[in-house]
Visitor: 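Below is the structure I would like to discuss, written out as structure tokens.
All values reported here derive from a predicted model rather than from experimental measurement. Below, chains carry the letters A, B, ... as their sequence lines are ordered, and counting in each starts from 1.
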Number of protein chains: 2
Amino acid sequence: MARRAATKTPATLSDLDARKATILEAVVNEHIDTAQPVGSSSVASNADLAVSSATVRSEMVALEREGYLIQPHTSSGRLPTEKGYRYFVDHLTSGVLGPAQQLQIKDFFAGVRGEVEDVLEQTSTLLTQLTSYTSVVVGAGHSHSTILSVQLVSLDARHQVLVTVFSDGSVVKHSVVTQFDVTHVDVAEASRQLHALLLGLTIGSRVQVPSRSDHVASLVRESVSLLLAEQPTVEGEQVFIGGSSRVADAFDGVETVRKVLSILEQELLVVSLVQDILDQGLSVAIGSEHGFELLSSCAVIVAPVTIDGEPAGAVGLLGPTRMKYREAMAAAEAVSQQLSHHFTGGE
Amino acid sequence: MARRAATKTPATLSDLDARKATILEAVVNEHIDTAQPVGSSSVASNADLAVSSATVRSEMVALEREGYLIQPHTSSGRLPTEKGYRYFVDHLTSGVLGPAQQLQIKDFFAGVRGEVEDVLEQTSTLLTQLTSYTSVVVGAGHSHSTILSVQLVSLDARHQVLVTVFSDGSVVKHSVVTQFDVTHVDVAEASRQLHALLLGLTIGSRVQVPSRSDHVASLVRESVSLLLAEQPTVEGEQVFIGGSSRVADAFDGVETVRKVLSILEQELLVVSLVQDILDQGLSVAIGSEHGFELLSSCAVIVAPVTIDGEPAGAVGLLGPTRMKYREAMAAAEAVSQQLSHHFTGGE
DNA sequence: GTCTAGCACTCGGTAGAATCGAGTGCTAAC
DNA sequence: GTTAGCACTCGATTCTACCGAGTGCTAGAC
């Protein structure tokens, strides 16, 4: 699934002379603005190259031959191809946010507080407000965190709640149901044993459980298996999606909207999408560059979040391939940095 | 916000003679099927009334005068109005699910297990699969539950996690940040005091906190205020929305899709929407019957979930006003009953 | 009286023709 | 290498005619 762009791009992409590059950039910019095919004359007048439309046209023919542009039909303007967008993005002078947006980010992180989950969720709202695109915030799971505390609480004779606190501050709950009645004393004892047994371990650890057949031992065995059996890779990862209504006006076809929404519904897919892109070392995935067929008309921007230098999640933006890369990338960048700083500095 | 339908309906709605009722029903049924205006001839042939289209026409004129139907323009077929749908729904012979769907529900509840949250989330997926509409599952908050256990866990010198277990099995986490370094001993002592202080209380209770100025007392005060200050009405309520991509094909206009999605994004709104409808004693809210302007082209079906006879949440379905009421209501009904049973019987 | 067959009428939707114009490719001249 | 000029293409728009589904009305049948 991870196969494209990273390998192919450098070789093929950097061989555009200055004028071609300027023209390509102008086409992309205008198309992003207007959503229409771009003609040679508007490029000629628009860009700061002092050449006529005829010259632009012949250059466009070349750009089309090289795969950066396409014509929807003979004698219409040109559109950027995926490759065209890729070149554009790779050669983007990193954008600067407007002062209003900078202020908005600053205010947000100055004022935000509360639980990690709430901060992440509000961050996704912030990103959507900043960019008008659908945003994704992924918080890393606690797979590497150690267990700080384990407690078993009795609801009634056959129902207990297993509460685990991890060193990253996350709390996980498991329901334990027994086939036999247990007393408060049993639960307290099991709780004590579990705490002693699991303290300092991570999810996925193996541990020696008591093999006795009494109630306490059963409780302990059951609890341990519930807790340690979790998939260490994905469990505990948190996804917050903001502004999914924006897909409705980012894409024209109802069918496209449906496809994109159906992906967004599956949080695990979204996590792996973001992770995939990060793994490829990209900050933008355009069209088919990520492996998701259904998102072929989308571009995804990601920016990693770190805590104390350790990867701890990511923020992302999802829009049409003709999204406003410069602004969106700047926003994602700024927010991910602030978020990293927020969690690193002191919560 | 709760004003309509319940009061007005009985007087105005029940005065349709059998033939008008049959015609109205036929119009609604066909429109739901085809999404097109319905003409007199198809009604005449379709329904089991043995009259000509001309007779149907004159009846339709009457139905239009009384507000059950409208003509989009002169000389086209008729559409049901909100009032027409309301009559249709009120006189609906309660539908029966197909055997395949019954089996699907049965299998689902036979196989489902795990945390309450997971069950509710999967239930929303089930509802969407059954009906092809967007589904909503609301789990009641723990506002009336008592506190079973409170525990303060130290992350580092200035960060603690407050973990509270409620009698309904829910677990709530709060982060506590201090301006001063605290020792493990302090935390343990504060934890002990909190447990003693809060055991058996509910959210919103008032409690006497120590007024001393030492670290332990500060920790206790801070924790208590975090925990008890929560809004007892909405906090802790869980919302699971399934199949939001279905709105894309349930409505035609992009603008409508956008509006509906933007509502679904705001979970608190969804909760209050569902709650409103339940409070009105309705099981279906059509068009403007719920107070939400943006959802005026939607119908919402709700069915309450109870645990041991106590209200504990609801399931809902959201679709276009021309949704398949009979099937959708039957599905919501069946699922809510099974869900109630699932949580009542034994988790 | 109630129902229905018949008929003139309305009006949205569709198909085709004409037209427009943005944009192209090509070529000859600079 | 660049550009002005020009014929050409083809989607989009407009206009017209027309079809047909569906209506409302009325006169006659039951």
Side-chain angles (χ1 to χ4, degrees), chain A residues 15-81 84 252-253 322, chain B residues 16-24 26-81 84 252-253 322:
Chain A
D15 54 357
L16 287 187
D17 62 52
R19 195 169 67 185
K20 281 204 182 64
T22 312
I23 290 174
L24 175 58
E25 189 190 333
V27 170
V28 173
N29 275 325
E30 185 168 336
H31 177 64
I32 286 175
D33 246 37
T34 65
Q36 298 293 325
V38 179
S40 58
S41 57
S42 64
V43 170
S45 65
N46 189 333
D48 30 30
L49 29 79
V51 292
S52 76
S53 64
T55 310
V56 173
R57 274 203 291 283
S58 66
E59 293 285 50
M60 278 173 141
V61 171
L63 282 168
E64 186 171 0
R65 197 171 42 235
E66 294 171 48
Y68 294 96
L69 297 177
I70 45 160
Q71 264 182 317
H73 53 85
T74 328
S75 76
S76 78
R78 259 89 174 186
L79 299 179
T81 60
D252 1 75
R322 47 168 281 272
Chain B
L16 287 186
D17 62 53
R19 196 168 65 184
K20 281 202 183 67
T22 311
I23 291 173
L24 175 57
V27 171
V28 173
N29 274 326
E30 185 168 337
H31 177 64
I32 285 174
D33 247 37
T34 65
Q36 297 295 324
V38 180
S40 57
S41 58
S42 65
V43 170
S45 67
N46 188 332
D48 30 29
L49 29 80
V51 291
S52 75
S53 65
T55 310
V56 172
R57 274 202 293 283
S58 67
E59 294 285 48
M60 278 174 143
V61 172
L63 282 168
E64 187 171 1
R65 200 169 41 233
E66 295 171 49
Y68 295 95
L69 298 177
I70 45 162
Q71 262 181 317
H73 54 85
T74 328
S75 74
S76 80
R78 259 89 174 187
L79 300 178
T81 60
D252 0 75
R322 46 167 281 273

Visitor: Figure out the CG/P separation between A:L49 and D:dT3, and round it to whole Å.
Guide: 10 Å
Visitor: Are B:R19 and C:dC3 close enough that a side-chain N or O sits under 4.0 Å from OP1 or OP2?
Guide: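 Answer yes for this pair, as a side-chain N or O of B:R19 is under 4.0 Å from OP1 or OP2.
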Visitor: Without decimals, in angstroms, what is the distance between A:E30 CD and C:dA22 P?
Guide: 14 Å
Visitor: In terms of side-chain heavy atoms of B:T55, which of C:dC3, C:dT24, C:dG12 is nearest?
Guide: C:dC3
Visitor: Does C:dC3 have its OP1 or OP2 closer than 4.0 Å to a side-chain nitrogen or oxygen of B:S52?
Guide: no
Visitor: One pair to check against side chain to side chain contact (heavy atoms under 4.5 Å, CB included): A:N29 and A:V38. What are the steps and the verdict?
Guide: CA-CA 10 Å; A:N29 275 325; A:V38 179; over 6 Å; no
Visitor: Quick one: which of D:dT3, C:dT24, C:dG23 gets closest to the side chain of A:S41?
Guide: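 The answer is C:dG23, which lies nearest to the side chain.
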Visitor: CG of B:L69 versus P of D:dG24: gap in Å, rounded?
Guide: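 These atoms are roughly 11 Å apart.
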Visitor: Measure the distance from CG on A:L79 to C1' on C:dA22 and round it to the nearest whole Å.
Guide: 14 Å
Visitor: Would you say D:dC6 has OP1 or OP2 under 4.0 Å from some side-chain N or O of A:R57?
Guide: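 Checking A:R57 against D:dC6: no side-chain N or O falls below 4.0 Å of OP1 or OP2.
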Visitor: Please give, in whole Å, the distance from C:dC3 P to B:M60 CE?
Guide: 16 Å
Visitor: Without decimals, in angstroms, what is the distance between B:E59 CD and C:dT2 P?
Guide: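 Those two atoms, CD and P, are 11 Å apart.
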Visitor: For A:S76 and A:P72, which heavy atoms make the closest approach, and how far apart are they?
Guide: OG-CD, 3.3 Å
Visitor: Whole-Å distance between D:dG11 C1' and A:Q36 CD?
Guide: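 Whole-Å distance recorded here is 12 Å.
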Visitor: In sequence, state the C-alpha distance, the side-chain angles, and the governing distance for B:V27 and B:M60, and then conclude on side chain to side chain contact (heavy atoms under 4.5 Å, CB included).
Guide: CA-CA 10 Å; B:V27 171; B:M60 278 174 143; 3.8 Å; yes
Visitor: Would you give the length of the straight line joining atom CG of B:L24 to atom CZ of B:R78, rounded to the nearest 0.5 angstrom?
Guide: 12.5 Å
Visitor: Using a heavy-atom cut-off of 4.0 Å across all strands, would you classify A:S40 as base, sugar-phosphate, or nothing?
Guide: sugar-phosphate
Visitor: State whether B:S76 places a side-chain N or O below 4.0 Å from either non-bridging phosphate oxygen (OP1 or OP2) of C:dG12.
Guide: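 So the side-chain polar atoms of B:S76 never come under 4.0 Å of the phosphate oxygens OP1 or OP2 of C:dG12.
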Visitor: Please assess B:I23 against B:K20 for the test side chain to side chain contact (heavy atoms under 4.5 Å, CB included), listing each intermediate value before the final yes or no.
Guide: CA-CA 5 Å; B:I23 291 173; B:K20 281 202 183 67; 5.7 Å; no
Visitor: Rounding to an integer number of Å, can you tell me how far A:R78 CZ sits from C:dG23 P?
Guide: 12 Å
Visitor: Considering heavy-atom distances to DNA chain C, does B:V51 or A:V61 have its closest nucleotide positioned more toward the 5' end?
Guide: B:V51
Visitor: C:dT24 phosphate, OP1 or OP2: any side-chain N/O from A:S75 under 4.0 angstrom?
Guide: no
